[in-house]
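These numbers come from the heavy atoms of this one structure, side chains and all, not from hydrogens, waters or symmetry mates. Sequence lines set the chain letters: A, B, ... in the order given, protein chains first and strands last, and positions in each chain run from 1.
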Number of protein chains: 2
Amino acid sequence: MEIKSVVTALAALAQESRLAIFRLLVQTGPEGLSAGKISETLGIPPSSLSFHMKELAHADLVSSRQESRYVIYSANFRTMNELLGFLTENCCSGKPCKPTATSDCAGIEETQA
Amino acid sequence: MEIKSVVTALAALAQESRLAIFRLLVQTGPEGLSAGKISETLGIPPSSLSFHMKELAHADLVSSRQESRYVIYSANFRTMNELLGFLTENCCSGKPCKPTATSDCAGIEETQA
DNA sequence: TCCATGGTTCAAAGATTATAGAAATATAAA
DNA sequence: TTTATATTTCTATAATCTTTGAACCATGGA
């Protein structure tokens, strides 16, 4: 994972609303949630939510699909795992503590490649 | 780890200079590096560096100690591991993928508690 | 004590990000 | 086609973050 992407992903998660959104989507799994449902659940006004979703999507941490008149968002587990891999290898003990962490959670619920 | 602390830590790392600084300190290990050395190595002006170090220290990602007339900074592995633990448990697969990740790198080079 | 070196704080300017109502767009039901 | 619903884009404002020179403080050697 490139440094720029890492910084972008970290920045996307470094905001209370967005971290909450992402956690909610992770809990929900691949089926995802509509924008309205997220908005309602977390009490974030639609236009603000849209702003944050764009940020998360830009960091490739979430994907969206249109479903009838709803837009469904879901977490990108792959990206999150790549981020965790980078942090573990580069920001944990210097010499990569590879043995485990990096790919533990990968492949559990991969939605889209 | 509290949400606020998580957001603070993520924000501290979500900036190119600071991520570079932190990575450098992780590589260096508990012995740490002086402000001047970091400044020189990464080509960051002293006053800018000081600003970023304060940010990292506030997130408890680094500690500093005075050593003669130098200020030595070192990475806080403990905090980084806590952050990784939070992200793994809350932002990886929803139901925590505990088996590994969380504490793999802990205890390798813990400097100060 | 005086000077040199290492670092931080101050201050001011610029850049980026966040917030949220209002308007616009899209889908689908009546 | 009109209407209602779901979501995004636009716009303006506010807030926060970044950058860095200059001034200041601390430590140690001459």
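Annotation for Met1(B) and Ala9(B): closest pair CE-CB, 4.4 Å, computed over non-hydrogen atoms.
In this structure, Ser39(A) contributes its side chain and Ile44(A) its backbone to a donor-acceptor pair below 3.5 Å. A side-chain donor-acceptor contact under 3.5 Å links Gln15(A) to the backbone of Ser17(A). Judged by distance alone, the side chain of Arg23(A) and the main-chain N or O of Leu87(B) form no donor-acceptor pair under 3.5 Å.
Glu67(A) and Arg65(A) are joined by a salt bridge, as a carboxylate oxygen and a charged side-chain nitrogen come within less than 4.0 angstrom of each other.
Note: CG (Leu33(B)) to P (dG6(C)) measures 15 Å, nearest angstrom. Spacing between atom CG of Leu42(A) and atom P of dT19(C) amounts to 13 Å, rounded to whole angstrom units. Atoms CZ (Arg65(B)) and P (dT8(C)) sit 14 Å apart, rounded to a whole Å. What separates CE of Met53(B) from P of dT9(C) is a distance of 12 Å, to the nearest Å. Across the protein-nucleic acid pair, Glu40(A) atom CD and dA6(D) atom P stand 10 Å apart, rounded to whole Å. Taking atom CD1 of Ile38(A) as the reference point, atom C1' of dT7(D) lies 12 Å away to the nearest angstrom. Taking atom NZ of Lys37(A) as the reference point, atom C1' of dT7(D) lies 17 Å away to the nearest angstrom.
Under the 4.5 Å side-chain criterion, counting only non-hydrogen atoms from C-beta, Asn90(B) is not in contact with Val26(A).
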Protein-nucleotides 28-30 of chain C N/O pairs closer than 3.5 Å?
none

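Counting non-hydrogen atoms of neighbouring residues, nucleotides and ligands closer than 6.0 angstrom, the CD atom of Gln66(B) exceeds 12 such neighbours.
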Asp60(A) and Glu82(A): CA distance, side-chain angles, deciding distance, side chain to side chain contact (heavy atoms under 4.5 Å, CB included) verdict: CA-CA 11 Å; Asp60(A) 201 33; Glu82(A) 285 173 6; over 6 Å; no
Chi angles and distances behind the side chain to side chain contact (heavy atoms under 4.5 Å, CB included) call for Leu25(A), Val62(A): CA-CA 8 Å; Leu25(A) 289 178; Val62(A) 305; 3.8 Å; yes
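Listed nucleotides: dT27(C), dG7(C), dA6(D). Nearest to the side chain of Tyr70(A): dA6(D).
Ser34(B) comes within 4.0 angstrom of the backbone, heavy atoms only, and of no base.
For the pair Tyr73(B) and dT8(C), the criterion of a side-chain N or O lying under 4.0 Å from OP1 or OP2 is met.
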Under 4.0 Å protein heavy-atom contacts per nucleotide of nucleotides 16-22 of chain D, with B for base, S for backbone only and - for none: --BBBBB
